[in-house]
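Since the structure comes first, as structure tokens, the remarks are kept for the end.
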Amino acid sequence: MEQMSRDARRDERWFEEVFVAHGNQVLAYARRRVPQDADDVVAEVFATAWRHRSRVPDEPLPWLYRTAAHHVLHSHRSRGRRAALAARTAALDAPDRRPEDVTDGIVERLDRESLVARVLADLSPRDAEVLRLWAWEQLSTDEIAYVLVISGTAARVRLHRARRRAEAALRRATAPSPLDLVLQPATEENR
């Protein structure tokens with residue numbers, strides 16, 4: 001009985017240390033991907049860590065990110081099912097009813113307006129995710145490999161190619177349009 005009590009206290013200390021050390025990082029990861037469900041994702045990640053504590057590696061952050069990635073995907077699937085249900089029930093309501101949340105539209109508009117969001121949107125989902133893991137989560141290529149379940153070499157190659165594609169997309173997004181080039185000399189001459 002005393003051994004079981006000691007083990008339980010040790011497990012509780014381990015969990016508290018992991019949560020204190022990495023809870024904010026996992027929350028930031030989730031907020032960047034599913035802002036509306038971020039708290040739920042974090043709760044699920046740490047509940048999973050508790051249930052599988054004997055399998056969590058000594059350096060838990062990549063494992064936590066990998067688990068968060070699974071829960072983010074689950075959140076997307078759930079959101080899709082909820083949206084489909086809302087669309088079906090909206091047909092039953094009055095025709096002037098608008099079931100969508102106004103804040104979702106505002107968040108989407110702000111995201112589209114940001115340069116980083118536009119560049120990431122131009123990239124494939126694979127490229128965008130490897131860049132997010134590298135830049136936002138500050139993972140090494142070995143940690144990225146672990147999160148994405150690929151080899152270290154594949155992670156380095158993906159990151160290199162994704163960075164090249166992002167640079168090209170950034171140049172396209174910030175390049176002046178031909179109209180800007182034509183109008184600029186004319187406006188300078190008028191001064």
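Within a 6.0 Å radius of CG in Asp11, more than 12 heavy atoms belonging to other residues, nucleotides or ligands are found. Counted within 6.0 Å of CZ on Arg53, heavy atoms from surrounding residues, nucleotides or ligands total more than 12; the atom is thus considered enclosed. A 6.0 Å sphere centred on CZ of Arg32 holds more than 12 heavy atoms belonging to other residues, nucleotides or ligands.
The side-chain heavy atoms of Leu139 and Tyr146, taken from C-beta on, include no pair separated by under 4.5 Å. Residues Thr141 and Glu143 are not in side-chain contact: their nearest non-hydrogen atoms beyond the backbone lie 4.5 Å or more apart. Leu27 places a side-chain heavy atom less than 4.5 Å from the side chain of Asp39. Within the 4.5 Å cutoff, no side-chain heavy atoms of Val56 are placed close to those of Val18. The shortest distance between side-chain heavy atoms of Val42 and Tyr29 does not fall below 4.5 Å.
When all heavy atoms are compared, the tightest approach of Ala49 to Trp14 is O-CH2, 3.8 Å. Summarising the geometry of His71 relative to Val45, their closest heavy-atom pair is CD2-CG2, 3.9 Å, with the distance given to 0.1 Å. Taking all atoms of both residues into account, the shortest heavy-atom contact from Leu131 to Leu159 is CD2-CD1, 4.0 Å.
For the pair Arg66 and Trp63, the cation-pi criterion (under 6.0 Å, within 45° of the ring axis) is not fulfilled.
Distance OG/Ser124 to CZ/Arg161: 11.5 Å, rounded to 0.5 Å.
By the 4.0 Å N-to-carboxylate-O rule, Arg132 lies close enough to Glu129 to be salt-bridged with it.
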